[in-house]
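Written below as structure tokens is the structure these notes are about.
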Protein chains: 2
Amino acid sequence: MSEKIDRRRARTKQLLYQALMSLLTEQGVEHLTVTDITNRADVNRGTFYLHYKDVPDMLEQIKDEVFESIRSEVIQLDFKQAMACADRNEPYPISVAIFEQFALHADFLKAMFGTKGDLSYAHRFRALMAANIYEKMRYNPPSDLAVPFDYLIAYMTSANFGMLMHWIESGMKQTPAQMGAFMTKIINFGPLVAFGLRELPSVSSSSKPH
Amino acid sequence: MSEKIDRRRARTKQLLYQALMSLLTEQGVEHLTVTDITNRADVNRGTFYLHYKDVPDMLEQIKDEVFESIRSEVIQLDFKQAMACADRNEPYPISVAIFEQFALHADFLKAMFGTKGDLSYAHRFRALMAANIYEKMRYNPPSDLAVPFDYLIAYMTSANFGMLMHWIESGMKQTPAQMGAFMTKIINFGPLVAFGLRELPSVSSSSKPH
DNA sequence: ATCATTAATCAACATCGTGTTTATTATGGA
DNA sequence: TCCATAATAAACACGATGTTGATTAATGAT
């Protein structure tokens, strides 16, 4: 009853979505016009305005949906669980689930993070990761840093996000499970150890909970 | 003789530049119109086209100049020198010079890398760093990686670039010398050691030259 | 199956920014 | 001074926008 969806609305909305996606993969996020979208969707131009305010509005809605689908996974991350998985040398399931969610929206994200992409969207994902890492650190607050804490956050979010982008841009040759394993290793042991350039260092006293 | 610069050309070009910069810091790189720029510069709209093809062309020229000024410093980086400085616990001069060059163009870069920024420009700088790191690695080629080499590159370029962006976005509270010190530490010892979360690990055999 | 409701279409409109052109004015360098 | 060139002003066609009103078509409920 409360769910009343007119087939016509759903149909044209899907046509517009498909048209947008094909244009997005072709020419990136710039120079997207209502005229182009509606022409490709074989829909009257005026009809577009029955669904969206303008092109940025349409993009915003899709961005929100994709972001939310990933955010809902990210907030389930548990630092201790991830560490336990890393010690047992197995991928952390929630981490894998996140990569699967990314794979699901690969085309869209590839366009949004590609050369002609949307920097504000990248910032949004980085902010999500930062909040998450900050949450992790609260369990084991660092002190006596050789480099300020906010730089630690910037470093880690950018590094992880960079690997994610590289995965998407290079055609997702690794499975989500593999990527999850990479990420877990690097987060817990640092890049040099994870990449096999150094042995695992002995755990220092400063990383022990009080 | 060969250097013949009409004062009028130089004057209007500077007026256009100043107008562009003030608009850039106000509203980011999007929705920059010729009309807005020439209005703010108090210059006839037609005059703009005597200097630039269109707005992207004007941006491109400035982007090229700034990029080149930084690239010319980056290519002077020497891996061994940087390591030597790190061991003596002093900032690597060329690294400091790079940060000074960034500081020189802070306003422009802040706009280009901000929320409404230009992702293609960010990619360009990351590609520069990637080429540089790749060059470094050639002296000490890694083998037996737990994670593929291209992910190592993606990780490192993104991490370093992320710190750089954070420095710019947070108002450049650290001096170029301090930032150079941060960077040198992290590149050589990894983030966990650099941030003081672990002790310096013993150097493994895999990181020794043959 | 009917019918009122809602969606989609079509055509027209004013608006805005673009890039170009022409004629005119002014400024600079020699 | 005087020539070359830069800047101005006004006009133009073009393309995309966002809106409107009238019309046709499809849908869901009864």
Side-chain angles (χ1 to χ4, degrees), chain A residues 1-65 111 116-118 120, chain B residues 1-65 111 116-118 120:
Chain A
M1 291 300 149
S2 60
E3 294 296 324
K4 45 187 177 185
I5 335 145
D6 196 317
R7 291 177 191 170
R8 290 170 294 179
R9 286 197 71 84
R11 194 184 105 88
T12 56
K13 207 156 184 179
Q14 197 197 346
L15 286 173
L16 290 173
Y17 175 80
Q18 289 169 349
L20 178 74
M21 286 304 296
S22 81
L23 285 169
L24 211 48
T25 53
E26 273 179 26
Q27 64 186 48
V29 81
E30 279 182 6
H31 304 301
L32 286 173
T33 69
V34 174
T35 306
D36 285 347
I37 295 172
T38 51
N39 276 347
R40 184 158 304 201
D42 260 315
V43 159
N44 189 275
R45 189 169 65 86
T47 306
F48 179 92
Y49 296 100
L50 299 177
H51 294 266
Y52 303 104
K53 187 178 158 289
D54 49 23
V55 177
D57 178 51
M58 181 176 181
L59 272 174
E60 204 62 39
Q61 291 192 26
I62 300 174
K63 280 158 71 177
D64 285 349
E65 286 169 19
K116 292 286 179 188
D118 182 334
S120 74
Chain B
M1 294 304 148
S2 59
E3 294 295 324
K4 44 187 176 185
I5 334 147
D6 197 318
R7 292 177 188 171
R8 291 170 294 180
R9 287 196 71 83
R11 193 184 106 90
T12 58
K13 208 156 183 177
Q14 198 199 344
L15 287 174
L16 290 174
Y17 176 81
Q18 289 169 349
L20 177 75
M21 286 303 296
S22 79
L23 285 170
L24 211 48
T25 53
E26 275 179 25
Q27 63 187 50
V29 80
E30 280 182 4
H31 305 299
L32 286 173
T33 68
V34 174
T35 305
D36 285 346
I37 295 172
T38 51
N39 277 347
R40 183 159 302 204
D42 260 316
V43 160
N44 189 276
R45 189 170 68 85
T47 307
F48 179 93
Y49 296 100
L50 298 176
H51 294 265
Y52 303 104
K53 188 177 157 290
D54 49 23
V55 176
D57 177 51
M58 182 176 182
L59 270 175
E60 203 63 39
Q61 290 191 25
I62 300 174
K63 280 157 70 177
D64 285 349
E65 286 170 20
K116 293 286 179 188
D118 182 334
S120 74

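Here is the naming used below: chain letters follow the sequence lines, and residue numbers restart at 1 for every chain.
Considering every non-hydrogen atom in both A:D36 and A:H31, the closest pair reads OD2-O, 4.3 Å. The minimum heavy-atom distance between A:K63 and A:S120, with the atom names listed, is NZ-OG, 4.0 Å.
The separation between B:M58 atom CE and C:dT18 atom P is 13 Å, rounded to whole Å. Rounded to whole angstrom, the span from the CD atom of B:Q14 across to the P atom of D:dA7 amounts to 13 Å. The separation between A:I37 atom CD1 and D:dT17 atom C1' is 13 Å, rounded to whole Å. Look at CZ on B:R9: it is 15 Å from P on C:dG28, rounded to the nearest Å. Rounded to an integer number of Å, the gap from CD1 of B:I5 to C1' of C:dG29 is 13 Å. If you measure from atom CG of B:L16 to atom P of D:dA6, you get 14 Å, rounded to the nearest angstrom.
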Show the atom names and distances, to 0.1 Å, of all donor-acceptor pairs under 3.5 Å that link a side chain in residues 15-25 of chain B to residues at least two apart or in another chain.
{"from": "B:S22", "atom 1": "OG", "to": "B:A19", "atom 2": "O", "distance (Å)": "3.1"}
{"from": "B:S22", "atom 1": "OG", "to": "B:R40", "atom 2": "NH1", "distance (Å)": "3.0"}
{"from": "B:T25", "atom 1": "OG1", "to": "B:M21", "atom 2": "O", "distance (Å)": "3.2"}
{"from": "B:T25", "atom 1": "OG1", "to": "B:S22", "atom 2": "O", "distance (Å)": "3.0"}

What pairs of donor and acceptor atoms, side-chain ones from residues 46-55 of chain A against any protein atom, are under 3.5 angstrom apart with sequence neighbours left out?
{"from": "A:T47", "atom 1": "OG1", "to": "A:N44", "atom 2": "O", "distance (Å)": "3.3"}
{"from": "A:H51", "atom 1": "NE2", "to": "A:T12", "atom 2": "OG1", "distance (Å)": "3.1"}
{"from": "A:D54", "atom 1": "OD1", "to": "A:D57", "atom 2": "N", "distance (Å)": "3.0"}

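For A:R7 and D:dG28, the shortest distance from a side-chain N or O to OP1 or OP2 is below 4.0 Å.
For the segment residues 25-36 of chain A, the set of residues with a heavy atom within less than 4.0 Å of an atom of DNA chain C is empty. Residues of residues 44-55 of chain A having a heavy atom closer than 4.0 Å to DNA chain D, listed by number: A:R45, A:Y49, A:D54.
Rounded to 10 degrees, the angle separating the terminal axes of the helix from C:dA1-D:dT30 to C:dA30-D:dT1 is 40°, with each axis obtained from five end pairs.
Within a 6.0 Å sphere centred on NZ of A:K116, heavy atoms belonging to other residues, nucleotides or ligands number 12 at most.
Of the inter-residue distances, the one linking B:R45 atom CZ with B:T33 atom OG1 reads 9.5 Å to the nearest 0.5 angstrom. A distance of 9.5 Å separates CG of B:L32 from CE of B:M58, quoted to the nearest 0.5 Å.
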Using atom names, set out every protein N or O paired with an N or O of nucleotides 22-25 of chain D below 3.5 Å, distance rounded to 0.1 Å.
none

